[in-house]
Amino acid sequence: MDKLDNYREIIIEVIKSFTKPNSAYFSEIDVQVIIDRENDHYFLYYVGWDELERIHDCIFHFDIIEEKVWLQEDNTNAEAALLLVGKGIPKSDIVLGFQAPYKRQYTEFAVA
């Protein structure tokens, strides 16, 4: 398996690990995994209702751009970048896209 195919599989594995929340809260929430392999966009959304409140939350958004994994959104306490590292993607191939470009140099991850 080549590097990018491996990265795709790791991203999908991380996303799918968050599709079965252990809470009654999620009984009215649809968990949506959106995978666009052709354009390398990967999302996890929670969509539905919490009583009278509309839920439409992007939990994860990953892109693969120029052979690097861009973490565009991470709305968990799990630190998705570290989950990726734990599954074999080097920090040098992960860009924290949600960080301002000028701040990326101060992280342990790729600048771009």
Side-chain angles (χ1 to χ4, degrees):
M1 179 181 304
D2 83 336
K3 178 175 101 169
L4 293 183
D5 284 337
N6 185 46
Y7 288 3
R8 289 177 185 106
E9 293 306 314
I10 289 170
I11 290 167
I12 292 167
E13 183 179 333
V14 167
I15 287 174
K16 287 187 175 182
S17 72
F18 284 82
T19 60
K20 295 183 176 97
N22 295 324
S23 170
Y25 163 79
F26 287 96
S27 64
E28 299 295 322
I29 305 295
D30 184 27
V31 178
Q32 298 181 353
V33 176
I34 303 162
I35 298 170
D36 176 1
R37 288 181 188 260
E38 183 178 330
N39 297 296
D40 277 325
H41 304 298
Y42 306 87
F43 301 87
L44 176 64
Y45 271 92
Y46 292 168
V47 179
W49 290 90
D50 179 18
E51 296 182 13
L52 299 175
E53 181 182 355
R54 176 72 172 151
I55 305 296
H56 187 265
D57 293 332
C58 177
I59 307 305
F60 290 126
H61 173 183
F62 299 95
D63 292 322
I64 297 177
I65 303 169
E66 296 179 3
E67 299 195 7
K68 294 195 186 298
V69 175
W70 283 68
L71 178 53
Q72 305 286 18
E73 190 74 48
D74 179 3
N75 284 312
T76 71
N77 293 327
E79 299 187 45
L82 296 179
L83 295 174
L84 297 174
V85 170
K87 295 191 177 291
I89 299 178
K91 289 179 180 180
S92 60
D93 280 355
I94 300 171
V95 178
L96 302 178
F98 58 82
Q99 287 279 359
Y102 72 90
K103 290 184 179 180
R104 293 182 197 148
Q105 66 183 320
Y106 303 112
T107 72
E108 299 175 9
F109 297 92
V111 175

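Being a predicted model, the structure only gives us computed values, none of them experimental. By convention here, the first residue in the shown sequence is residue 1.
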Answer yes or no: are there more than 12 heavy-atom neighbours, outside Lys103 itself, under 6.0 Å from its atom NZ?
-> no
Which heavy atom of Ser17 sits nearest a heavy atom of Val14, and at what distance?
-> OG-O, 2.6 Å
Who are the side-chain hydrogen bond (donor to acceptor under 3.5 Å, both in side chains) partners of Asp2, not counting sequence neighbours?
-> none
Could you tell me which residues satisfy salt bridge (Lys or Arg N to Asp or Glu O under 4.0 Å) with Glu66, sequence neighbours excluded, listed by chain and number?
-> none
Considering residues at least two apart in sequence or located in another chain, which fulfil the side-chain contact (heavy atoms from CB on, under 4.5 Å) criterion with Asp40?
-> Arg8, Tyr42, Ile64
Taking only residues two or more places apart in sequence or in another chain, which ones pass side-chain contact (heavy atoms from CB on, under 4.5 Å) with Glu73?
-> Cys58, His61, Asn75
Asp63 CG to His41 NE2 distance, which is reported to the nearest 0.5 Å = 5.5 Å
For Ala81 against Leu96, the heavy-atom pair lying closest together | CB-CD2, 3.8 Å
Hydrophobic cluster of Val111, others only, ordered by chain and residue number, side-chain cut-off 4.5 Å | none
Only counting residues at least two apart or in another chain, list the ones meeting salt bridge (Lys or Arg N to Asp or Glu O under 4.0 Å) with Glu79.
-> none
Of all residues at least two apart in sequence or in a different chain, which pass the salt bridge (Lys or Arg N to Asp or Glu O under 4.0 Å) check with Arg104?
-> none
Answer yes or no: are there more than 12 heavy-atom neighbours, outside Glu108 itself, under 6.0 Å from its atom CD?
-> no
Under 3.5 Å, is there a donor-acceptor pair linking the side chains of Asp30 and Tyr46?
-> no
Judged by atom type as modelled, is there a donor-acceptor pair below 3.5 Å linking the side chain of Asp50 to the main-chain atoms of Glu53?
-> no
Check Ser92 against Ala110 and note the closest heavy-atom contact, atom names and distance.
-> O-CB, 3.3 Å
Any chance you could measure Asp57, atom CG, to Arg54, atom CZ, to the nearest 0.5 Å?
-> 10.0 Å
Ile55 side chain near Val47 side chain, heavy-atom distance below 4.5 Å = no
Which value, rounded to the nearest 0.5 Å, describes the distance between Gln32 atom CD and His56 atom NE2?
-> 7.0 Å
Ile59 CD1 to Asp74 CG distance, which is reported to the nearest 0.5 Å | 9.5 Å
Output the rest of the hydrophobic cluster of Ile65: all Ile, Leu, Val, Met, Phe, Trp and Tyr residues reachable through side-chain heavy-atom contacts under 4.5 Å, sorted by chain and number.
-> Trp70, Val95
Which pair of non-hydrogen atoms, one from Val85 and one from Lys91, has the smallest distance, and what is that distance?
-> CG2-CG, 3.6 Å
Under the side-chain contact (heavy atoms from CB on, under 4.5 Å) test, which residues partner Asn77, sequence neighbours left out?
-> none
Can you name the residues that form a side-chain contact (heavy atoms from CB on, under 4.5 Å) with Asn6, not counting sequence neighbours?
-> Met1, Ile10
Sequence neighbours left out, what passes salt bridge (Lys or Arg N to Asp or Glu O under 4.0 Å) with Glu13? Give chain and number order.
-> Lys87
Report the residues that fulfil ring pair (Phe, Tyr, Trp, His ring centres under 6.0 Å) with Phe62, sequence neighbours left out, ordered by chain and then residue number.
-> Phe60
Under a single-linkage definition using a 4.5 Å side-chain heavy-atom cutoff for Ile, Leu, Val, Met, Phe, Trp and Tyr, are Tyr45 and Ile29 assigned to the same hydrophobic cluster?
-> no
